[in-house]
Amino acid sequence: MPIASTDIHRLLEAYPTVPAVGTVGSHSAIDVADGAVAEGLTSVVLTQSGRDATYARYFRTLRDPAGARRRGCVDEVWDYPKFADLATPASQERLRKRGVLLVPNRAFSSYVPLSTIESEFRVPIVGSRAMLRIEERSERDNYYGLLETAGIPAPRAIPSPEAIDRLAIVKLPHAQRRLERGFFTAATAEEYRTKSRALLARGTIAQDDLAHARIEEYVLGPVFNFNFFFSPLVPRSEGLELLGVDERRESNLDGMVRLPAAQQLELSESDRIPEYTVVGHGTLTVRESILEEVFKIGEAFVDAARARYPPGILGAFCLQTCLDHDGRPTVFDVAARIGGGTNVHLAIGHPYGNALYRGPMSTGRRIAREIRIAAAEGRLSEIVT
Ligand code: AMP
């Protein structure tokens, strides 16, 4: 049984007036920690042993003898043998006692089972707990359904390999690195068969995943990931903000496109099928006349999410799009929480966020600002589930 929001709101009664900001140590944790301390809050990063040095050593808060921050933004590091252990009853108790509000990221929803998050994790989450599951393409109730309800353009689904009639992208997990992608493209059923055989033989994809893969039209156009924020603390007409835009660097796709055509053709047959492992991000702005449409899809997403998963989107979310030759965004993926590319504007802010706030405004900082305002106004229950 999913935990009722009212149960979570009751937990807040025992929270201190100024809560701490917690997040899982991966993905966007530095942005969240930086934003927390920029807003005068304490940051707590939950790490897994063996992959904690970034937070425990390199971004750890160092103080001078008088206690003033000398360097760093990770105030506390709580280390666990496995990320999933952060959801044990003892850990939950410790998080509540410390007054931690958890900012969910993809590491949290990947390493802690979704059923545990929904039904057992009794710690307030800054955002919409019920919407984390819609990212799973294998779920029936996934983001494609929400986009359709909202009337937001998404790539056309292709029902079977035989129906491939144009360039298509086949979406399934990587066979060994389960959190990575085993995506490939195909323009015909024949190409689908040849490529899938090669990738199965290579061990990049697994037969069972292939049988359940989503096949959709490939949208020709550059990727723009729109990092939005929605605040329920202000009138609805002021709630939606565009903070920044990022794009991804994917290996080995980006390595390949940096090669001149002649050298691409020299690659061995197996190296010619690119993988889409995200290894970094870049920052972008968008042609100004396109922004109008971007805000429209943001508003439509917020409205549809409120109707279908009340209370809907709270705080940060990301719509990942390709912009076609008419400048129209097609949403191919959704993060109903902080996106994975917000470190591009960490600490320095982003042109859009800064233009709104007249000073550095990153996603991490915006989240912390919301927490600070909600805490001061006694409205924390409106931003957590
Ligand atoms: P995702 O796992 O959905 O975030 O997608 C990973 C990458 O695949 C994206 O960054 C895009 O480069 C690419 N991609 C995904 N879906 C599409 C699509 N329908 N058309 C074109 N490129 C896509």
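Both ligands and their constituent atoms are indexed starting at 1 by order of listing.
- Cation-pi contact between Arg133 and Tyr143: absent, since separation from the ring centre below 6.0 Å together with deviation from the ring axis within 45° is not met.
- Side-chain contact check for Tyr357 and Glu241: at least one donor-acceptor pair (N or O, by modelled atom type) lies under 3.5 Å.
- Ligand 1 lies nowhere less than 4.0 angstrom from a heavy atom belonging to Glu247.
- By the criterion of a heavy-atom distance under 4.0 Å, the side chain of Arg137, and not its backbone, is placed next to ligand 1.
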Worksheet item: What do the steps show when you test Asp79 against Arg51 for salt bridge (Lys or Arg N to Asp or Glu O under 4.0 Å), and what is the final call?
Response: CA-CA 10 Å; Asp79 201 37; Arg51 44 186 297 188; over 6 Å; no
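- For atom 23 (C) of ligand 1, the nearest non-hydrogen atom of the protein is Ile169 CD1, 3.9 Å.
- Lys171 NZ, 2.9 Å is the protein heavy atom nearest to atom 16 (N) of ligand 1.
- Looking only at protein heavy atoms, the nearest one to atom 8 (O) of ligand 1 is Tyr276 CD2, 3.7 Å.
- A side-chain N or O of Ser91 and one of Tyr80 form a donor-acceptor pair less than 3.5 Å apart.
- Considering Tyr218, Phe332, Phe183 only, the shortest heavy-atom separation from atom 22 (N) of ligand 1 involves Tyr218.
- The nearest protein atom to atom 7 (C) of ligand 1, hydrogens excluded, is given as Glu250 OE2, 3.1 Å; this is a heavy-atom distance.
- Linking ILVMFWY residues whenever their side-chain heavy atoms come closer than 4.5 Å, directly or via other members, places Phe226 and Phe230 in the same cluster.
- Close contacts between ligand 1 and Val223 involve ligand atoms 11 (C), 12 (O) [criterion: under 4.0 Å to a heavy atom].
- At least one N or O atom of Glu216, backbone or side chain, sits closer than 3.5 Å to an N or O atom of ligand 1.
- Distances from atom 21 (C) of ligand 1 to the heavy atoms of Val219, Thr321, Thr277 show the closest one on Val219.
- Of the possible donor and acceptor atoms, one in the side chain of Thr88 sits under 3.5 Å from a partner among the backbone N and O of Asp85.
- Residue-level proximity to ligand 1 for Asp333 is carried by the side chain, the only part with a heavy atom below 4.0 angstrom.
- Side-chain contact, Asn227 with Thr363: no donor N or O sits under 3.5 Å from an acceptor N or O.
- The ligand atoms of ligand 1 that sit less than 4.0 angstrom from a heavy atom of Gln320 are 4 (O).
- Nearest non-hydrogen protein atom to atom 2 (O) of ligand 1 is Arg181 NE, 2.4 Å.
- Looking at Thr283 and His345, their side chains never bring a donor and an acceptor atom within 3.5 Å of each other.
- Side-chain contact between Met131 and Val334 is absent, with no heavy atoms from C-beta onward closer than 4.5 Å.
- Atoms of ligand 1 lying under 4.0 Å from any heavy atom of Pro155, numbered from 1 in the order shown and given with element: 19 (N).
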